[in-house]
Amino acid sequence: MKWLFKSEPESFSIQMLKKNKITHWDGVRNYQARNFMRDQMQVSELGFFYHSNCAEPGIVGVLEIVKTAYPDHTAFDPEDPHYDPKSKSDAPRWFMVDVKFKQQFSETISLTQLRNNPKLKEMLILRNGNRLSITPLTEQEWQAVLAMGV
DNA sequence: GCCAACGTTGGC
DNA sequence: GCCAACGTTGGC
């Protein structure tokens with residue numbers, strides 16, 4: 001399956017991923033997004049990296065899943081902004097996967113461009129008010145976006 | 001189980 | 001900073 005990972009570049013950007021090479025995608029605190037990660041993501045699957053809540057929101061690159069879901073330890077840490085007291089280490093509520101940098105597009109594929117592509121009419125991220133940080137994409141959507149990238 | 005109140009997300 | 005859309009919480 002193909003995926004889209006959304007992040008605010010101020011907290012985590014594609015530039016940081018490029019530098020780190022591999023990171024754990026922590027901080028997901030939404031059940032639907034968690035279920036995608038925990039139940040469906042497989043090693044070597046690819047995803048787009050989307051920058052949200054910034055000057056130019058859009059798709060900025062490609063990453064690869066390198067480790068399937070395991071407990072998100074940031075939920076156990078009272079000092080962490082994503083701390084969740086209801087997630088216990090013997091019964092973790094939240095999970096994360098590890099992802100690896102693959103590619104950064106030379107230009108952001110902007111939200112406007114995405115909206116203007118008729119092939120992407122059904123893409124979840126473009127739905128009004130969709131706030132899911134992890135969404136699946138169809139193969140057709142994946143190819144259509146790739147074709148827009150430079 | 002319903003639903004109002006509240007908090008968060010995210011484009012603009 | 002505004003505000004619409006959505007998810008979660010908690011009283012009943």
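Note on naming: letters A, B, ... go to the chains in the order of the sequence lines (proteins, then strands), and numbering restarts at 1 for each one. These figures come from a predicted structure and were not determined experimentally.
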Practice prompt. Determine which pairs satisfy salt bridge (Lys or Arg N to Asp or Glu O under 4.0 Å) with at least one residue from residues 34-62 of chain A, sequence neighbours left out, and list them in order.
Written response: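 Checked against salt bridge (Lys or Arg N to Asp or Glu O under 4.0 Å) - neighbours excluded - no pair reaches residues 34-62 of chain A.
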Worksheet item: Quick one: what's the B/S/- string for nucleotides 7-12 of chain B, heavy-atom cutoff under 4.0 Å, read 5' to 3'?
Response: BBBBBS
Worksheet item: For Met148(A), which fellow cluster members are found when Ile, Leu, Val, Met, Phe, Trp and Tyr are connected by side-chain heavy-atom distances below 4.5 angstrom, either directly or through intermediates?
Response: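 Traced through the cluster, Met148(A) reaches Leu4(A), Leu46(A), Phe48(A), Tyr50(A), Ile59(A), Val62(A), Phe105(A), Ile109(A), Leu111(A), Leu114(A), Leu120(A), Met123(A), Ile125(A), Leu126(A), Leu137(A), Trp142(A), Val145(A), Leu146(A).
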Fill in: Hydrophobic cluster partners of Tyr83(A) (side-chain heavy atoms under 4.5 Å)
none
Worksheet item: Parallel, tilted or perpendicular: which fits the ring planes of Phe12(A) and Trp25(A), with parallel below 30° and perpendicular above 60°?
Response: perpendicular
Worksheet entry | Any donor-acceptor pair under 3.5 Å from Asp26(A) side chain to His73(A) backbone |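 A pair under 3.5 Å: no.
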Worksheet entry | Gln143(A): partners by side chain to side chain donor-acceptor pair (under 3.5 Å), with sequence neighbours left out | Glu139(A)
Worksheet entry | Between Ser87(A) and Arg29(A): side-chain donor-acceptor atoms closer than 3.5 Å | no
Between the protein and nucleotides 2-4 of chain B, which nitrogen or oxygen pairs come in under 3.5 angstrom?
none

